[in-house]
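Lettering of chains follows the sequences in order, A, B, ..., and the numbering in each one begins at 1.
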Amino acid sequence: MNRLWLALLFLLWQASAALAAAPPPANSTTSVRIGYIDLRNDPRYRTDNSYTGIVFHTLGRPYPGAELGVQDAKLIGRVIGRTFVLERKSAATAADLPALAKELAAEGDHFIIADLTAPDLLKLADSLRGQPALVMNVSAREDSLRGADCRQNVVHLIPSESMLTDALVQYLVVKNWKDILALQGPAKEDAGEIVALQHSARKFGATVDAVRPFVLGTDPRHRDENNVALMTANSDADVIFVADSGGEFARYVPFETHSPRPVVGDAGLMPVAWHWTWYGNGAPQLQHRFEKLASPRRMNQGAWAAWAAVKAITQSVMRVRSGDFSKVEQFMLGSKINIDGAKGKPMSFRPWDHQLRQPILLVTADAVIARAPLPQYLHQTNDLDTLGYDAPESACHF
Amino acid sequence: MFAGARKSSSGGPSGLAHFLAAVLFASFISFPAMATGTGYVFVSNERSNRVTVLDPARDHAIVKQIQTDARPRDMHFDKAHKLLYVACGDDNDIDIIDVAKLKVIGRIPTGPSPEMFAIAPNGKSLYVSEEDSAIVRQIDIATDKTLNQITTGPEPEGVLVTPDDSRIYITSEVADMVHVYDTRKKKLIDNIMVDTRPRRFAMTADRKELWVSDELAGDVTVIDTATDQVKTTIQFLPPGFRPVDVTPVGLALSHDGKTMYVTLGRANHVAFVDPATNKIRAYILVGSRAWGVVENKKGTLLYVANGLSDDVSVIDIHAQKTIRSIATGRVPHTVVIDE
């Protein structure tokens with residue numbers, strides 16, 4: 001087996017040399033530069049958060065997804081006579097972001113993938129206002145970024161909170177598990193998830209019976225807030241939704257509940273943009289390419305979003321056959337784009353809030369249970385728009 | 001054919017079977033050229049690792065479920081129809097089925113994850129797309145040796161060798177391109193940009209057009225083979241469907257060259273297209289996620305593999321209607337007929 005692999009690698013190497021000898025493209029090669037900004041010490045990726053000391057590879061940063069996107073586009077670049085160049089800048093503190101962004105823009109990076117929290121993302125976007133630059137959000141899920149706080153120069157590859165809760169609640173309603181007990185963590189993001197859940201419940205006809213706060217700890221004086229069995233007692237709910245963006249509390253909720261109830265949200269059945277167990281629509285090949293590049297990691301949501309960001313850029317450059325920023329941006333945000341995200345339905349950006357419309361996977365730790373939108377939910381123009389805020393209800397005004 | 005006939009006569013007092021056997025036997029006598037075929041329909045089932053053998057002469061009864069290696073997908077006969085080659089994606093090989101014995105008698109090792117392949121016109125080698133390593137490998141059938149490797153864009157799928165063996169067309173699903181490989185110069189001579197997620201090929205009867213199914217664009221790109229330029233695209237939209245739900249994959253030209261059959265995947269229909277005018281003549285309802293498609297030689301029946309309803313639809317081509325659906329196994333992929 002080993003020998004076969006070696007032989008394969010050798011042949012591959014030979015073959016790639018042969019491909020390089022293919023005729024040169026008509027245009028001379030010019031580069032399309034893609035910037036990538038993140039924070040060196042982003043607390044969201046700290047692996048020592050966990051008090052059990054278990055390191056989760058699922059926490060990995062999105063960056064390798066962007067690298068894979070560039071790798072996938074190599075051939076496209078050669079055919080259209082352009083090279084796609086990815087340039088990463090990691091800021092030491094959030095205060096350095098505007099300066100870094102200006103540096104990237106000055107170097108000709110019109111597309112800037114941003115792995116930042118919502119406040120930092122806004123800072124970055126505002127510092128680039130009026131410049132030929134598009135910020136591509138791959139990790140901040142806040143609905144406010146697609147609503148009142150939306151920005152003309154930002155697009156969102158990662159799904160919004162309400163897209164995720166809409167996907168989940170569609171499933172719960174189809175199952176007729178409509179009564180939900182919600183557990184809410186102390187983080188601001190947790191509160192956002194609860195607001196999104198309540199919106200989804202109203203939209204699809206489920207009920208959030210109660211929202212109970214939790215804290216992480218073992219203090220017996222606060223057991224009504226740290227003991228899952230106590231917190232979930234006195235409830236007739238069908239399912240327990242846990243809003244815990246950190247995930248450290250959520251992990252211990254399934255099987256700790258007072259009554260035997262399924263757990264959904266940040267544990268149990270989780271709505272996500274991507275999961276390593278997704279097997280349809282060419283996903284296995286994408287997973288394999290990612291795993292080859294980023295071993296021992298598997299592709300997570302952020303990495304998928306970063307890959308999709310690069311795909312949106314490379315597809316647009318290829319289709320307009322131009323590196324001109326305004327032409328490429330116009331195509332990307334227009335109705336003709338057709339991004340293959342390995343999730344089935346072709347994806348495009350919603351003109352009203354620049355959110356990428358996309359299917360959402362409902363997953364457990366090791367399986368995809370369903371893909372939303374569920375077939376029971378239809379929309380007058382695009383079924384993907386049953387997930388998240390639709391045009392008439394959007395608070396975004398560019 | 002003899003095996004089938006014998007089986008049906010020993011199977012019970014079925015007058016019809018006897019009659020059909022007699023008819024088949026008669027055709028064997030009068031048309032020796034046709035007689036090499038058993039008439040059997042072969043269906044690969046990706047997830048049950050079986051090739052199902054159906055006998056159209058016996059109301060499509062299942063003759064046998066041939067056990068194969070893991071994930072059987074694309075299938076092609078050798079020229080004499082003595083052997084059937086089956087790409088087995090999860091065991092990294094191509095199984096060789098003896099058509100007379102209906103069992104696997106050998107294997108050709110490939111690289112990881114073979115899906116679609118094509119046999120060279122001289123029958124001596126085959127070209128297989130290996131989606132994980134982004135190559136098309138040419139393998140010598142007699143010796144299993146790799147003769148050549150063509151590096152492609154990510155996720156190569158459809159492979160078509162021109163009948164004169166001068167060119168190989170390959171789709172890259174991720175790069176949205178069709179590669180054109182010159183077998184004499186031994187290099188890629190062109191890359192044709194098509195629509196989103198190109199999957200498979202078919203050529204028109206005059207060989208002047210190459211049709212490519214674009215799964216995520218809901219259309220077929222028509223390429224002029226003389227210039228390698230895109231001539232036109234044909235958009236599909238069966239009544240009641242949204243454009244995003246139309247995912248064309250399978251393509252097959254009718255034996256008379258007058259109809260191109262296009263399976264529409266998630267839209268659960270097959271389109272009948274007139275290649276002379278590019279007009280869509282009909283949409284026929286089939287099972288769920290229609291991919292593989294093949295017409296019988298008489299041009300009366302069309303078989304369609306439905307990956308997500310685990311069955312094969314049989315269409316009466318004249319009546320433009322599905323007349324049967326036959327459960328074959330989990331995730332049917334490709335259908336071929338030995339005739």
Side-chain angles (χ1 to χ4, degrees), chain A residues 1 4-5 7-23 25 68-69 71-80 280-282 284-289 292 311 314-315 318-319 321 336-342 344-348 357 375 378-384, chain B residues 47 89-90 92 109-113 115 130-137 146 148-157 172-177 179-182 185-193 195-199 214-219 242-247 265-266 289 307-308:
Chain A
M1 195 61 200
L4 179 68
W5 274 105
L8 242 174
L9 279 173
F10 175 69
L11 285 167
L12 260 176
W13 169 73
Q14 274 203 321
S16 57
L19 189 74
L68 181 63
Q71 184 185 303
D72 277 359
K74 234 181 213 165
L75 180 79
I76 294 174
R78 197 164 53 237
V79 171
I80 60 173
N281 315 110
Q285 289 76 46
L286 176 61
Q287 311 273 24
H288 294 167
R289 290 201 300 281
K292 226 179 260 177
K311 181 127 191 173
T314 56
Q315 273 286 314
M318 168 175 160
R319 295 295 169 192
R321 285 196 174 243
K336 287 213 175 108
I337 196 165
N338 203 5
I339 306 166
D340 173 8
K345 301 198 181 214
M347 310 185 304
S348 52
R357 40 168 82 92
L378 302 175
H379 183 274
Q380 65 268 31
T381 50
N382 188 327
D383 293 343
L384 292 177
Chain B
R47 290 293 173 200
D90 286 351
N92 309 335
T110 67
S113 200
E115 180 167 3
E130 297 173 9
E131 52 186 5
D132 267 352
S133 30
I135 58 163
V136 164
R137 181 190 301 273
T146 295
N148 187 15
Q149 288 195 67
I150 305 164
T151 301
T152 66
E155 292 181 37
E157 160 129 351
S172 163
E173 294 175 4
V174 172
D176 294 347
M177 277 179 202
H179 306 300
V180 187
Y181 183 82
D182 186 307
K185 291 182 188 150
K186 284 204 176 293
K187 64 179 189 180
L188 289 180
I189 52 165
D190 215 340
N191 299 284
I192 308 162
M193 240 182 261
D195 263 337
T196 317
R197 206 170 180 83
R199 297 289 303 259
D214 301 310
E215 187 178 17
L216 279 203
D219 65 25
R242 310 282 173 81
V244 294
D245 296 319
V246 184
T247 54
R266 292 285 185 154
R289 207 202 68 186
L308 295 185

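You'll find the side chain of A:L68 reaches within 4.5 Å of the side chain of A:L286, heavy atoms only.
When heavy atoms are compared at a cutoff of 4.5 Å, B:D195 approaches chain A by way of both its backbone and its side chain. For A:Q71, no part lies under 4.5 angstrom from a heavy atom of chain B. For A:T381, the part lying near chain B is the backbone, with the side chain staying farther off; criterion is any non-hydrogen pair under 4.5 Å. For A:K311, the part lying near chain B is the side chain, with the backbone staying farther off; criterion is any non-hydrogen pair under 4.5 Å.
No donor-acceptor contact under 3.5 angstrom links the side chains of B:R266 and B:T247, judged on distance only.
No donor-acceptor pair under 3.5 Å is formed between the side chain of B:N191 and the backbone N or O of A:V79. With hydrogens and angles disregarded, a donor-acceptor distance shorter than 3.5 Å links the side chain of B:S172 to the backbone of B:P154.
Note on B:A175, B:P243, B:G265: by heavy-atom pairs under 4.5 Å with chain A, the leading option is B:A175.
Here B:D176 pairs with A:R319 in a salt bridge; the nearest charged N to carboxylate O distance falls below 4.0 Å.
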